[in-house]
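Presented below is the structure to which this report refers.
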Amino acid sequence: MRQRVVALLAVSLAALGSGLGASPAGAAPAVDRLAVSVVGDGETGGNRAVPVSILSLGGDGTRGDVRTLPTAADGDQHAFTLGADRDQQGALRQSADHRFLTIGGYDAEPGDLALNDTAAPDTLRVVARIDAAGAVDTSTSLADGYSLRHLRGVASDDGTRHWTGGHGHDAPATRAGVLSVEHGGAAPTPVVAGSSELNNARVPLIHDGQLYVSSDRTGFHGVNQVGSGLPTTAADLTPVASAPDGASVPHDFVFVGDTLYVGYTEGSAPGLAKYVRRDGSWAYVGSHPGVFWGLTGRVAGERTVLYAVRGGGQGNEVVRLLDEGADTWEVVEERTLATADAGTAFRGIAFAAGFAPGTDPIESEGPTPAVGWTPRVAGGTGNALSAVLDAAGNPVARGRVADPAGAELTVTATSADPSVVADDGLTVRVEEDGTFALSATPRSAGASVITVTATAADGRQGTARLDYRVSAALPDAGVRAHPGMSDASASYAVGDGHFVVADDDSNQFRLYGGGFAEPIATFDLTERVPAVRSGDTWDIEGAARAGNTIYWVGSLGNTNSGNIRLDRDLVIATAVHGSGADTTLEYVGHARGLRQALVDGDMADVHGLGADHFGFRAATQDGVSARGPNSLNVEGATIAPDGTTLWLGFRSPLVALNSGGDGDGDSDGDKALVVGIPDIAGVVAGTTEPRFGDVVRLDLDGHAIRDLQETDDGGYLIIGGSTDDGGDFDLYGWTGRPEDAPVRSATSPTPPAGWEGGSFEALLDTSGLADGTTVRLVQDAGNVDIYGDGTPGEDLPAAELRKFLTLEYRLDFGGAFPGEPAEESPRPGGPEGPGDDNRPDDDENAAGTDDQESEAAGGDGDLAGTGAGTILVVAALAALLVLGGGTALLIRRGTLPRGPWPSA
């Protein structure tokens, strides 16, 4: 065995001559010495393992040497890599005694895929310790800690023991959010462990002999104290600073005197939150906007100096901020010190090993022109822009320039990669009030960094950088890419080619046009729907319209990991006002309890098939995944022909119609399931409890339901797909009568080249079922490598870079349904001409106020846009069993749809 790598030089604070406090009188202030973790090899993107290095950086921006951590094992030294695009990995800490740096990573070789998805101890999570001489020791490992999940950060008191933070809920044995381990050891002990909230921590920090950790979990969202002192066994977690409204997912943080700064990386208002010490507790006083990952700082005379990593993508920045506010944020300088090289990203920042920060003041270098980006998308920060090659009407970035000295400014833009977009393909239009718009015409698919520079006549300059990415050209005019989100899950057309869409990864509804522009408006109803578990999403998967009301339905099930998330047990009613680009959504009401109603009804045998026939009780237990044919997972919703019942379409379970199917997911006898929730308007209004209604089982050739929607001529259109992520999609037309079999369209919809892996999740413009009718499909692109760099859409670092598709599809049911394609649908669809309408959200397009009148679905009102056919209710259809000639089955209380339809 080769000799273990050890520290080459013992460094004491005295020997360094950098003791705590200010520099001696008359001496020049010492320049802060910083260390920055750098992830990347200059080429690799996506969730692939890449080398990690430590960059020496002066507080004035002067770059020093670079130390690369080992990428191959050597004796008791482990390899050390991180994911190229995993912004939550790579936090960097200086030990409490200032002697060492610590960082967490993975014992994996460069090129390995998805480190955070690997199982430990097969792929060990490891700790790297770096001393002042640059010696690296990676002998510490964490057994099965953080298996299948992220290790985020490491803190140490003196380098002999480490405390780690990460997502440890899936570890087989060492299940904990915070672990403690001796340096060089391989047997960590749980410190913060128990519930799923405690088993998922973020970044630890030691301050004044006390261990703290950040968390985004319910009850602990913010910064928390871990036990008392530096516990090495089980300890309580006590919140000390809670997340402010609009901010979520705290990551790095730093205590500076009587001030605490916390970087919140997500939410509607991400930024650096500031807390001050008052009466023994931490009081929030404000935030500085932006997405900041790494963070450190110190007292600087009468000010605070902060050093932070701004942005999560490759080519991000280290910035220096000077705050001179006492009980407020008052940033007098925000200066870029370093920019990550192409193909690399900064992750964490700390004072260098062996450097003890003092309190010397830092003077501002004078006013420089300010260049800032204007957020255009919910959850975005404005400093990213997406485009489609060869598309007209790509989005436009917006910002503002200003000079504190009042001088006129010249604004220019340059591109780091002219092969993607050349300088002459950039246009900046500046208005008199200092606002500007940046448009770009790309040359090829790929990524570049665009730098906007504002220059005063005396040479002073300010800059801002934009992450610019271009996806490949789309195959034809019937396909559109819509930026601002990737996990599109439910939608409804609102006229003139516009549609409202839900994102199953956020709690917002967005209004889009038919072109390539970003959302026209965003409707955020989170304040109207109290959370069961703070920070959880609703996982909206279905949308059903009755009159002017759209009912948005959550998936009702567990997570893919088997965690119970009751925020998904939700139906929200919104009133639709206006149409097209003028559409607004007004909150009407919401209800929970559908999940339990399904369990109770199944156990009580209200369907007459036998108690617990569908297995909903087992499917809703903790630890049961939402994936697979025997779970509970709703992915479609529509209004039944009676106009008052909400039909739920299930992705899972698949069920047996008769002896020909066994519900195991591998037989073409397995049927798709629809369950009604009667009087959905009354359920939302609170005048009736949700209850288990009619059951319909449909033969979709072994497919489950991924969406279903009523058509304007009284039928129903269904997307059939697999219960897992295997794809295999088809479209089906159905009369809505239980005795009629659904009919499959002649061709299967397929994603365009380069967009493989996406799921068809929703339908738009369903004017009818006649052959030749054109409808639009909504494709979720959360798992799609949109830019060809290995990064799935849902993992892209900025909301502005994420996007999903809508595609035109022409129905062909072989004449099974009468009629001609509508020349003009009541809810027109299809792509409209390319446009550049990229208006920012304004208050007039927000959700309506309480005093606005709304009209819930009425019991005898027609469905909006469903034609004038008569509803025929057959109340006596109590137990219609079609087991021979038919392939659909209705149990109890049936209805017949609008005509005209041919007899079965």
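Just the heavy atoms: all of them, side chains too, but no hydrogens, waters or symmetry mates, feed the values below. The shown structure was predicted, so the numbers you read here are calculated from the model rather than taken from an experiment. If you read the sequence from its start, that first residue is 1, and numbering goes on from there.
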Looking at Tyr732 and Leu700, what are the two nearest heavy atoms and their distance? OH-O, 2.9 Å

Take Thr735 and Phe817 through the test side-chain contact (heavy atoms from CB on, under 4.5 Å) and record every step on the way to the result. CA-CA 8 Å; Thr735 65; Phe817 304 100; 4.0 Å; yes

State whether the side chain of Thr638 and the backbone N or O of Glu710 hold a donor-acceptor pair below 3.5 Å, judged by distance alone. yes

So, for Leu763 and Leu777, which heavy atoms are closest and what is the spacing to 0.1 Å? CD2-CD2, 3.3 Å

Could you check whether any side-chain heavy atom of Val500 comes within less than 4.5 Å of a side-chain heavy atom of Tyr492, counting everything from C-beta outward? no

Are Arg802 and Glu794 close enough, and set up right, to give a salt bridge (charged side-chain N to carboxylate O under 4.0 Å, His left out), and what steps lead you there? CA-CA 7 Å; Arg802 302 165 197 156; Glu794 63 187 10; over 6 Å; no

So, for Ala799 and Ala378, which heavy atoms are closest and what is the spacing to 0.1 Å? CB-O, 3.9 Å

Report the C-alpha distance between Asp216 and Glu266 in whole Å, list the side-chain angles of each, state the deciding distance to 0.1 Å, and finish with yes or no for side-chain contact (heavy atoms from CB on, under 4.5 Å). CA-CA 10 Å; Asp216 63 350; Glu266 294 185 19; over 6 Å; no

Side chains of His613 and Asp605: donor-acceptor distance under 3.5 Å anywhere? no

So OG of Ser745 and CD1 of Ile719: to nearest 0.5 Å the spacing works out to 12.0 Å

Quick one, Thr583 and His577 - any side-chain contact, counting heavy atoms below 4.5 Å? no

Donor-acceptor contact present, side-chain Ser248 to main-chain Gly267, <3.5 Å: yes

Check whether any side-chain heavy atom of Val655 lies under 4.5 Å from a side-chain heavy atom of Lys671, and answer yes or no. yes

Side chains of Asn507 and Leu525: does their closest heavy-atom pair fall under 4.5 Å? no

Donor-acceptor pair, side chain of Arg592 and main chain of Leu570, under 3.5 angstrom: no

Please report the interatomic distance CG(Leu731) to CG(Leu769), rounded to the nearest 0.5 Å. 10.5 Å

Determine whether Trp538 and Trp552 make a side-chain contact, defined as any pair of heavy atoms from C-beta on separated by less than 4.5 Å. no

Do side-chain atoms of Asp765 reach the backbone of Val775 as a donor and acceptor pair under 3.5 angstrom? no

Name of the residue among Ser631, Ser722, Ser625, Ser555 meeting side-chain hydrogen bond (donor to acceptor under 3.5 Å, both in side chains) with Ser652: Ser631

Under 4.0 Å between a Lys/Arg side-chain N and an Asp/Glu carboxylate O for Arg568 and Glu541? no

Heavy-atom check, side chain of Arg533 versus side chain of Ser196, under 4.5 Å: yes

Does the side chain of Ser491 come under 3.5 Å of the side chain of Tyr512 through a donor N or O and an acceptor N or O? no

Taking salt bridge (Lys or Arg N to Asp or Glu O under 4.0 Å) as the cut-off, I'd like each qualifying pair that reaches into residues 546-566, sequence neighbours left out, listed once. Asp536-Arg565

Atom of Arg706, atom of Phe760 and distance for their closest heavy-atom approach: CB-O, 3.8 Å

Testing the basics here: between Val249 and His221, what is the closest heavy-atom pair and its distance to 0.1 Å? N-NE2, 3.2 Å

Atom CZ in Arg691, atom CG in Leu598: separation rounded to 0.5 Å? 13.0 Å

Side chains of Asp496 and Ser579 in contact at under 4.5 Å (non-hydrogen atoms): no

Is the shortest side-chain heavy-atom distance between Gln779 and Phe804 below 4.5 Å? no

Whether the side chain of Asp567 engages the backbone of Val532 through a donor-acceptor N/O pair (distance < 3.5 Å, no angle test) should be reported. yes

Closest heavy-atom pair, Tyr551 versus Ala546, reported as atoms and distance to 0.1 Å, is CE1-CB, 4.2 Å

In terms of side-chain heavy atoms, does Ser489 have a donor or acceptor partner in Asp504 at a distance below 3.5 Å? no

Full working for side-chain contact (heavy atoms from CB on, under 4.5 Å) between Leu648 and Val674: CA-CA 5 Å; Leu648 301 177; Val674 176; over 6 Å; no

Crowded around Asp245 CG? As in, over 12 foreign heavy atoms under 6.0 Å? no

Nearest 0.5 Å, please: how far is CD1 in Ile705 from OG1 in Thr723? 13.0 Å

Stepwise, does the side-chain contact (heavy atoms from CB on, under 4.5 Å) test hold for Arg595 with Ile564? CA-CA 11 Å; Arg595 172 183 166 115; Ile564 294 175; 3.9 Å; yes

Donor-acceptor under 3.5 Å (Thr687 side chain, Gly682 main chain): yes

Exam field: side chain His703 to backbone Asp728, donor-acceptor pair closer than 3.5 Å: yes

With rounding to the nearest 0.5 Å, note down the distance linking CG in Asp670 to CG in Asp701. 11.5 Å

Around atom CZ of Arg617, are there more than 12 heavy atoms of other residues, nucleotides or ligands at under 6.0 Å? no

Mind checking whether His167 and His169 have parallel, tilted or perpendicular rings, split at 30° and 60°? tilted

Quick one: CD on Gln508 to OG1 on Thr537, what's the gap to the nearest 0.5 Å? 11.0 Å

Could you name each residue pair satisfying salt bridge (Lys or Arg N to Asp or Glu O under 4.0 Å) that touches residues 553-563, not counting sequence neighbours? none

Using ring pair (Phe, Tyr, Trp, His ring centres under 6.0 Å) as the criterion, list what pairs up with Phe616, not counting sequence neighbours. Phe614, Phe650

Distance-only polar pair, side chains of Asn563 and Ser561, donor-acceptor under 3.5 Å: no

Is the CD atom of Glu527 crowded by more than 12 outside heavy atoms at less than 6.0 Å? no

Looking only at atom types and distance, does a side-chain atom of Asn558 sit under 3.5 Å from a main-chain N or O of Val624, one as donor and one as acceptor? yes

